[in-house]
A.B. asks: 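A single structure is presented below for examination.
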Number of protein chains: 2
Amino acid sequence: MRQGEELAAIYVERWNAASGQGKTEDCPVRNVLDRLGDKWSMLLVMTLAGGPRRFNQLHRAVPDISQKMLTQTLRDLQRDGLVARQVFDTKPPSVEYRLTALGHSLIVPLGYLIDWANDSKGRIDAARTAFDTVA
Amino acid sequence: MRQGEELAAIYVERWNAASGQGKTEDCPVRNVLDRLGDKWSMLLVMTLAGGPRRFNQLHRAVPDISQKMLTQTLRDLQRDGLVARQVFDTKPPSVEYRLTALGHSLIVPLGYLIDWANDSKGRIDAARTAFDTVA
DNA sequence: CTGAATCCGGTCCGATACTG
DNA sequence: CAGTATCGGACCGGATTCAG
């Protein structure tokens with residue numbers, strides 16, 4: 001795992017340089033991940049990664065999201081330039097959502113984190129139960 | 001950007017396979033990122049990536065975190081097996097926190113996301129102001 | 001120095017009902 | 001089909017105070 005450690009060191013150094021002496025508020029990472037860290041954003045990004053979807057298609061793909069949160073999260077993603085919204089003047093009207101180039105560029109780095117989460121899920125669960133049984 | 005698109009396609013496929021027909025609740029990604037998505041976890045992980053730190057060292061490194069949230073976040077990270085806690089019976093007592101192997105393995109994938117956030121910050125801000133001025 | 005305990009306001013988010 | 005409006009609970013997180 002020599003390569004992994006070297007990469008990690010690079011990122012540590014890069015992080016220290018980026019975070020610097022500045023306050024936490026203007027940390028770009030915090031700003032961005034506060035948005036992606038909410039309950040539904042990532043899930044919708046990954047769902048839209050499969051191609052454009054209409055409103056109710058998304059609703060069916062993510063059954064346990066409420067209409068309210070689906071609307072709200074999509075609007076926030078659109079506001080951040082990650083998702084584009086296109087209205088068709090058909091009857092009945094339909095609205096299509098798709099990832100922008102910026103949104104598309106998120107898939108790969110997000111994919112790395114997803115891989116990590118999948119690979120680490122077992123150890124995290126084990127650590128949790130171990131911690132809870134002690135307490 | 002041919003390579004990027006191919007990587008993205010792989011992750012889309014992998015995501016679709018992993019999410020499957022299962023409910024959102026047992027999605028490992030959601031489980032893990034709900035934890036990392038809180039206000040301070042990532043920040044502490046990246047701070048601890050620089051090496052072991054004591055409680056007040058962390059407090060100084062992240063000035064705008066409250067004692068309560070520092071304690072709470074560290075305990076949660078410890079519970080998830082990302083951080084190890086070691087108490088020294090000195091006088092006055094000191095407590096040292098360090099990343100576990102599991103926590104260390106998070107640095108690289110998190111680094112990719114941080115890079116994306118840094119690279120995309122400008123475009124996201126532009127999209128936000130554009131969106132807000134229209135509305 | 002390293003926490004725990006408590007109070008409290010703000011925000012997130014689900015449920016429900018209604019609109020064009 | 002694609003939303004909007006409103007209510008209300010749950011939870012996050014800050015400030016303060018106390019303890020080993």
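Just so it is clear, the model here is predicted, and its values are computed rather than measured. Order of the sequence lines fixes the chain letters, A, B, ..., with proteins taken first and strands second; residue numbering starts at 1 for each chain.
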A.B. asks: Under the side chain to side chain donor-acceptor pair (under 3.5 Å) test, which residues partner N118(A), sequence neighbours left out?
C.D. replies: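 Checked N118(A) against side chain to side chain donor-acceptor pair (under 3.5 Å); zero matches.
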A.B. asks: Report yes or no: do T73(B) and D76(B) form a side-chain donor-acceptor pair below 3.5 Å?
C.D. replies: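 No.
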A.B. asks: Which whole-number value in Å describes the distance from F88(B) CZ to dT2(C) P?
C.D. replies: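 Rounded to the whole Å, the gap is 11 Å.
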A.B. asks: Output a table of nitrogen or oxygen pairs between the protein and nucleotides 13-20 of chain C separated by less than 3.5 Å.
C.D. replies:
unit_1: dC13(C); atom_1: OP1; unit_2: K39(A); atom_2: N; d: 3.3
unit_1: dC13(C); atom_1: N4; unit_2: K68(A); atom_2: NZ; d: 3.2
unit_1: dG14(C); atom_1: OP1; unit_2: K39(A); atom_2: NZ; d: 3.2
unit_1: dG14(C); atom_1: OP2; unit_2: S66(A); atom_2: OG; d: 3.3
unit_1: dG14(C); atom_1: O6; unit_2: K68(A); atom_2: NZ; d: 2.2

A.B. asks: Return the set of residues passing side chain to side chain donor-acceptor pair (under 3.5 Å) with D125(B) (not counting sequence neighbours), or none when no residue passes.
C.D. replies: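 Only K121(B) meet the side chain to side chain donor-acceptor pair (under 3.5 Å) criterion with D125(B).
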A.B. asks: Give every residue pair that meets the salt bridge (charged side-chain N to carboxylate O under 4.0 Å, His left out) criterion with at least one member in residues 40-63 of chain A, sequence neighbours excluded.
C.D. replies: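 Those involving residues 40-63 of chain A do not exist here.
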A.B. asks: Does any pair with a residue in residues 78-95 of chain A pass salt bridge (charged side-chain N to carboxylate O under 4.0 Å, His left out), and if so which ones, sequence neighbours excluded?
C.D. replies: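 Applying salt bridge (charged side-chain N to carboxylate O under 4.0 Å, His left out) to every pair that reaches into residues 78-95 of chain A, excluding sequence neighbours, yields R35(A)-D80(A), R79(A)-D132(B), D80(A)-R128(B).
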A.B. asks: Would you please name every residue forming a ring-ring contact (aromatic ring centres under 6.0 Å, His included) with F55(A), sequence neighbours left out?
C.D. replies: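 Scan of F55(A) (ring-ring contact (aromatic ring centres under 6.0 Å, His included), adjacent residues dropped) gives none.
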A.B. asks: Using the side chain to side chain donor-acceptor pair (under 3.5 Å) criterion, which residues pair with S105(A)? Sequence neighbours excluded.
C.D. replies: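 With sequence neighbours excluded, S105(A) shows a side chain to side chain donor-acceptor pair (under 3.5 Å) to W116(B), given in chain and number order.
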A.B. asks: Tell me, please, the opening and closing nucleotides of DNA chain D, 5' to 3', among those with an atom under 4.0 angstrom from a non-hydrogen atom of chain A.
C.D. replies: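 So the contact region on DNA chain D extends dC1(D) to dC7(D).
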A.B. asks: Rounded to the Å, how far apart are H59(B) NE2 and dA4(C) C1'?
C.D. replies: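 These atoms are roughly 14 Å apart.
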A.B. asks: Please name all residues satisfying side chain to side chain donor-acceptor pair (under 3.5 Å) with D119(B), sequence neighbours left out, ordered by chain then number.
C.D. replies: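 D119(B) satisfies side chain to side chain donor-acceptor pair (under 3.5 Å) with no other residue.
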A.B. asks: Taking CG from L58(B) and P from dC1(C), how many angstroms apart are they, rounded to a whole number?
C.D. replies: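 Taking atom P of dC1(C) as the reference, CG of L58(B) is at 13 Å.
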A.B. asks: Please check the phosphate of dT2(C) (OP1 and OP2 only) for any side-chain N or O of R54(B) closer than 4.0 Å.
C.D. replies: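 It does, given that an N or O in the side chain of R54(B) lies less than 4.0 Å from OP1 or OP2 of dT2(C).
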A.B. asks: Partners of Y97(A) by ring-ring contact (aromatic ring centres under 6.0 Å, His included), sequence neighbours excluded?
C.D. replies: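 So Y97(A) forms no ring-ring contact (aromatic ring centres under 6.0 Å, His included) with any residue.
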A.B. asks: When the distance from CG of D89(B) to P of dG3(C) is rounded to whole Å, what number comes out?
C.D. replies: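 Atom-to-atom, D89(B) to dG3(C), this comes out as 13 Å.
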A.B. asks: Specify the separation, in whole Å, of atom CD of Q78(B) and atom P of dT2(C).
C.D. replies: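 Atom CD in Q78(B) sits about 15 Å away from atom P in dT2(C).
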A.B. asks: Using the side-chain contact (heavy atoms from CB on, under 4.5 Å) criterion, which residues pair with T133(A)? Sequence neighbours excluded.
C.D. replies: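 T133(A): no side-chain contact (heavy atoms from CB on, under 4.5 Å) contacts found.
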A.B. asks: With hydrophobic residues grouped by side-chain heavy-atom distances under 4.5 Å, do Y112(A) and V32(A) end up in a single group?
C.D. replies: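 Y112(A) and V32(A): one cluster.
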A.B. asks: In whole angstrom, what separates E96(B)'s CD from dT2(C)'s P?
C.D. replies: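 My rounded result for the distance is 11 Å.
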A.B. asks: Rounded to 10°, tell me the angle between the two end axes of the helix from dC1(C)-dG20(D) to dG20(C)-dC1(D), each built from five pairs.
C.D. replies: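 The angle separating the two end axes equals 40°.
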